[in-house]
Structure formats: C-alpha cells, structure tokens
Amino acid sequence: MKDGKTSVLDRVLVLEMVRVTEAAALAASEWIGRGNEREADAAAVEAMRRAFNRLPISGRVVIGEGERDEAPMLYIGEEVGLGGQEVDIALDPLEGTTLTAKMSPNALAVLAIAERGNLLHAPDVYMDKIAVGPGYERGIVGLDRSPEENVEALAAARGCRCEEVTVCVLDRVRHEDLISRLRKVGARIVLIPDGDIAGVIATTDPATRIDMYLGIGGAPEGVLAAAALNCVGGQFQGRLLFRNDEERDRARRIGIEDLDRLYELQDLARGDTIFAATGVTDGSMLRGVRHNKRGFQTHSVVMRASSGTVRWIETEHLRKPV
C-alpha cells in the first residue's frame, strides 16, 4: 500500500514491455533456420537485457536464464533498469530455441512483470499443468481430476460434445498415456514440439481454437503463462514434479516448503501483472518477424491485469541508413 491506495504498475510500462520483447525477437530472428540454438538464444538475451537497461525501473529477475553461475546475463536475481518503480520480472528471451533454429512455429520472446513479491520464484524443474482461458466458472477443470473428467466438464460448460474440445499437449514420450486417454474420450489434440508458454496462452484467444492446455512442462514457463492468464481471467493449476533429491533441495533453497503443493493461478502470478510476447517465428497467435527492404515487421500481444486489456500490436521497424 502507498498513501492508502493499492499500488499498481505505471501504465506507460505496458508499451515499454512490448519494446523489450520486440528487441529480443528482432535479434533472434537473424538466426531463424540457421541451426544454431546457442547463438539465437544469446542474441535474444543480450538484446532484451539492453532494452531493460534503458527503462526507468528497478527490476529484479525472478524467472530468468538460470542461476548466476550458469547464465552471464538475465540470471535469477539480476537487477536491471535505470532505477524507478520496483518490479519483479519473469522472462524467456527466446522460448523455442530449437523452434527458431529449425524455423518451426511458435517461437516467442516473452516476459511478465509485477510488483515486488507477486511472481513465484519457481525452481527450474518440471511442473504438471492445466489451463483454460476466460469465461468459465471457477474450478471448471483441475489436476486432481482425470483427463476424461476435465474434457467432459469443459464440453458441458461449452454446451458441446467432447469431440469438439481441443486440447494442446507437448509432444513427448511422457505424455503417451495422456494422449491416448484424451483421444479415447473423443477430444481433438494439438501436439506441439516445444513452447508450452505459447500452448498455454493460446487458450486465451478463441481464434486458436485451443480450449485447454494439459501436461508436463517447465515450472518457470508455468509462472510466465500464469501471468498471462491472470491478465484475462483464465484458470491455471500447477504442481511441481521432481526427478531426484537434487531438484528437491534446489526447490527448498529458494523457499519452496511444501513440495507437493497444488498451485492455483494466484499463487504463481497475482496483482497487476503485465504480460508481453512478440512472435519470432509464425505461430498460432502471433506472426513471426518479417524482413523486407524497408526494415522489419513484428507482431506482439500485451495484456494487463488491472485494466483487463489485451492489445495486439503490429510494428514496422525501419532499417537505419548505413
């Protein structure tokens, strides 16, 4: 609280966040189809860091490229900005490094910001996730229900058959049983090779025809996706999954006490969050970067929780004369 009023993010930051994701997407686009994941990611990270450091914020990275010893830039705990409003930042400068290297769909530059303490500092482990977009009664789906029950509940809420429900799932061996059960109940399945942030946020846009996201992906990506859903009134549940004691110890070191906790959306991202994403390659929601004689074109989306707004932004970046 400040001066008796709830503090919210400066609305100027909405468009500033788009400029940050645009910078990362433009840098990564130079590496589309070149087969070099490392260089694509490095270019996006450096461009995003430079863009943040031009902003009048005191930003702290809580979801980043890794721990300080593993990531020279945009590591967890790094401070960015020129000074100003204090915000926590969750980011993925290039969600879909492999997608970019192979010129495959749905590579994005993504970030979310919130007031200090309003984004979960999630460990770099797996998370079981389920998400739906806005417009449904709270608790319509949940991880403690079977895949069949979730599809049936969503179909009933939509007033349609299970055969008309579309579920997005990462194409992984670990999901073979999940995919089989979804198909037996009649659901349509969109299998994606990578990029589960894109898969979750696709539920917010009816044009994608994706009704639900289900399956196991990264926990940091879960926080980013939850921030987007928080902006539009979607629903999300997640539960951390650990493969060994080292991962459990990592979670405890960053303050996770209940390792079996079922996280609701507001446990991951709450308050006045801003979410921004810019397409690197063409995807279900966003077009990728276009190069032409005049320069470059980008396609972005930015969402804000306090205003409930979703803005689609097309930007032309004129090439600077040599």
Considering non-hydrogen atoms only, spot the tightest contact between Glu316 and Arg294 and give its length.
-> OE2-NE, 2.7 Å
Residue pair Ser58 / Gly83: nearest heavy atoms and the distance that separates them = OG-CA, 3.4 Å
Count the heavy atoms of every other residue, nucleotide or ligand shown that sit under 6.0 Å from CD of Glu137, and state whether that count exceeds 12.
-> no
Got more than 12 heavy atoms from elsewhere within 6.0 Å of CZ, Arg174?
-> yes
With Asp249 via side-chain hydrogen bond (donor to acceptor under 3.5 Å, both in side chains) - residues at least two apart = Arg252
Residues two or more places apart in sequence or in another chain: which of them pass side-chain hydrogen bond (donor to acceptor under 3.5 Å, both in side chains) with Glu264?
-> Gln237
Contacts of Tyr126 meeting ring pair (Phe, Tyr, Trp, His ring centres under 6.0 Å) (sequence neighbours excluded), chain-then-number -> none
What pairs with His317 under ring pair (Phe, Tyr, Trp, His ring centres under 6.0 Å), at least two apart in sequence or on another chain?
->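 Residues passing ring pair (Phe, Tyr, Trp, His ring centres under 6.0 Å) with His317: none at all.
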Can you list every salt bridge (Lys or Arg N to Asp or Glu O under 4.0 Å) pair that touches [range], not counting sequence neighbours?
range            : answer
residues 207-225 : Arg158-Asp211
residues 229-243 : Asp144-Arg239, Arg243-Glu247
residues 17-34   : Glu16-Arg19
residues 196-206 : Lys129-Asp196

Across all chains, not counting sequence neighbours, the side-chain contact (heavy atoms from CB on, under 4.5 Å) partners of Ala131 are Val200, Tyr213, Leu229, Phe236
If you look only at pairs with a residue in residues 279-290, which of them pass as a side-chain hydrogen bond (donor to acceptor under 3.5 Å, both in side chains), with sequence neighbours excluded?
-> Asp282-Arg290, Arg287-Glu314
Starting from the C-alpha separation in whole Å, work towards a yes-or-no answer on side-chain contact (heavy atoms from CB on, under 4.5 Å) for Asp92 and Glu65.
-> CA-CA 7 Å; Asp92 194 339; Glu65 290 292 285; 4.2 Å; yes
Remaining members of Leu178's ILVMFWY cluster at a side-chain heavy-atom cut-off under 4.5 Å?
->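 ILVMFWY cluster around Leu178 also holds Ile130, Val132, Tyr136, Ile140, Val141, Leu143, Val151, Leu154, Val165, Val167, Val169, Ile179, Leu182, Val185, Ile189, Leu191, Met212, Leu214, Leu262.
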May I ask you to decide if Arg188's main-chain N or O and Arg183's side chain share a donor-acceptor pair within less than 3.5 Å?
->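 Side chain of Arg183 to backbone of Arg188: no pair is present.
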Where at least one partner belongs to residues 276-298, residue pairs that pass ring pair (Phe, Tyr, Trp, His ring centres under 6.0 Å), sequence neighbours excluded = His291-Phe296
